[in-house]
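The block underneath contains the structure these notes are about, expressed in structure tokens.
Order of the sequence lines sets the chain letters (A, B, ...), proteins ahead of strands, with each chain counted from 1. Please read these numbers as outputs of a predicted model, since none were measured by experiment.
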2 protein chains.
Amino acid sequence: MNRTYSISDLASEFEVTPRTLRYYEEKGLLQPTRSGQIRRYSAADRTRLILVLRGKTLGLSLQESAELIGMYDPSSNNNAQLSRLIEKIQTRKAQLVAQKLELEQMIDDLDAWEQRSRKSMKSRKAKKV
Amino acid sequence: MNRTYSISDLASEFEVTPRTLRYYEEKGLLQPTRSGQIRRYSAADRTRLILVLRGKTLGLSLQESAELIGMYDPSSNNNAQLSRLIEKIQTRKAQLVAQKLELEQMIDDLDAWEQRSRKSMKSRKAKKV
DNA sequence: CATTACCTTTACGTAAACGTCAATTCAATA
DNA sequence: TATTGAATTGACGTTTACGTAAAGGTAATG
């Protein structure tokens, strides 16, 4: 129990390079312990890594991810901050929803345009383009 | 009609610098015409700018935005690509939804922890922390 | 006509997020 | 014991997305 991970364990599991993990440590996102010179990553480190990587797919900077993760420190118990965090996420989600609607509008436009095109082609019968 | 915009028009409207607009042009995202040396942005340019900026808030690179915008070229009328685009957006939205759920779980955890803390404090009565 | 207000290009600078050697160390194995 | 494999620490390089002068053109205005 209390399993730990080597740098290559995590690197291969999450398809990042060791360099990336060291960089994240440098930026305070991970805090592996050392057995001698070698880094040993805890389950907590692994979880934080997951959060950082997810943050990236959501377009957050490492800085932002660091802040968000800091807000989920059970010992600090800062629910107010966590609520604000959720608000942020909701805002972002709303942006995505809006964007999606707009794209659907676009595709509808294109559909309509295609329809008209087809019709006018028909009316022009065999006329060449 | 066929209104155009100066670089500072767009810059101030969208709160970016002229440098940014020139950079976007350099990257092929905008294609203003010239009256003499001066750039004149069309409504189409303005629309593309909006899309680029929105892409940014969604965490897309300029490259990615360029690709997506390219997919919405009415003259190309490529509905299949547009559909793929919508899929991408939906995927991203799903990620956000999942993330939000996870955060809500986190806040619930913290709430529960807080509850327990309060209770144990009660049971210890006036014992100092 | 001189100033002001915008615009231009050229070009070097910068922060973030790693990539990519190079030179070592250390432990396990042939 | 020699080698191999994985790890380490520098340290410089790279890409993206602009920032920031510097030096100059142009048009309207006092």
Side-chain angles (χ1 to χ4, degrees), chain A residues 3-43 45-46 48-70 88 92 95 99, chain B residues 3-43 45-70 88 92 95:
Chain A
R3 192 197 161 176
T4 63
Y5 307 83
S6 75
I7 197 167
S8 54
D9 286 343
L10 291 187
S12 64
E13 178 176 0
F14 296 103
E15 299 186 4
V16 297
T17 67
R19 173 71 175 103
T20 299
L21 297 177
R22 295 192 195 101
Y23 181 71
Y24 288 176
E25 178 181 354
E26 196 182 321
K27 294 295 163 181
L29 292 165
L30 302 176
Q31 289 134 336
T33 58
R34 302 294 181 110
S35 21
Q37 277 284 81
I38 294 181
R39 289 169 175 79
R40 292 266 95 198
Y41 295 87
S42 67
D45 284 316
R46 187 172 169 282
R48 292 164 73 88
L49 176 56
I50 292 175
L51 294 177
V52 172
L53 295 179
R54 182 161 308 156
K56 282 195 57 176
T57 78
L58 301 184
L60 304 181
S61 69
L62 294 187
Q63 262 284 359
E64 290 174 313
S65 289
E67 292 172 23
L68 301 197
I69 292 173
K88 281 189 185 180
R92 215 169 181 80
Q95 292 173 336
Q99 176 75 345
Chain B
R3 192 197 159 176
T4 64
Y5 306 84
S6 75
I7 196 167
S8 55
D9 285 343
L10 290 187
S12 65
E13 177 176 1
F14 296 104
E15 299 187 1
V16 298
T17 68
R19 174 70 174 103
T20 298
L21 298 178
R22 296 192 194 103
Y23 182 71
Y24 289 175
E25 178 181 354
E26 194 182 322
K27 293 297 161 179
L29 292 164
L30 303 177
Q31 289 135 333
T33 60
R34 302 295 180 112
S35 21
Q37 276 285 77
I38 293 182
R39 289 168 175 81
R40 292 267 95 198
Y41 296 86
S42 68
D45 285 316
R46 187 172 169 281
T47 299
R48 291 165 74 88
L49 176 56
I50 291 175
L51 294 176
V52 172
L53 296 178
R54 181 161 307 155
K56 283 196 58 178
T57 79
L58 302 183
L60 305 181
S61 71
L62 293 188
Q63 262 284 0
E64 290 173 314
S65 290
E67 292 172 25
L68 301 196
I69 291 174
K88 280 189 184 179
R92 214 167 182 82
Q95 292 173 337

Can you tell me if B:T17 touches the phosphate of D:dG19, counting only side-chain N or O atoms and a distance under 4.0 Å to OP1 or OP2? yes
Whole angstrom is fine here: how far is it from CD1 in B:I38 over to P in C:dC6? 12 Å
N or O in side chain of B:S8 less than 4.0 angstrom from C:dC7 OP1/OP2: yes
Among A:R34, A:R48, A:R40, A:R19, which residue meets the salt bridge (Lys or Arg N to Asp or Glu O under 4.0 Å) test with A:E25? A:R34
Do the side-chain N or O atoms of A:K56 get closer than 4.0 angstrom to the phosphate oxygens (OP1, OP2) of C:dC18? yes
Reckon B:R39 has a side-chain N or O less than 4.0 Å from the OP1 or OP2 of C:dT8? yes
Figure out the CD/P separation between B:E26 and D:dT16, and round it to whole Å. 12 Å
Name the nucleic acid region contacted by B:R22, choosing base, sugar-phosphate or nothing; use a 4.0 angstrom heavy-atom cut-off, strictly under. base
A:Y41 OH - D:dA7 C1' separation (whole Å): 11 Å
Could you give the OH-to-P distance, from A:Y23 to D:dA11, as a whole number of Å? 18 Å
Strictly below 4.0 Å: does B:R34 bring a side-chain N or O up to OP1 or OP2 of C:dT9? yes
May I ask you to verify whether the side chain of B:R19 and the base of D:dT20 hold a donor-acceptor pair under 3.5 Å? yes
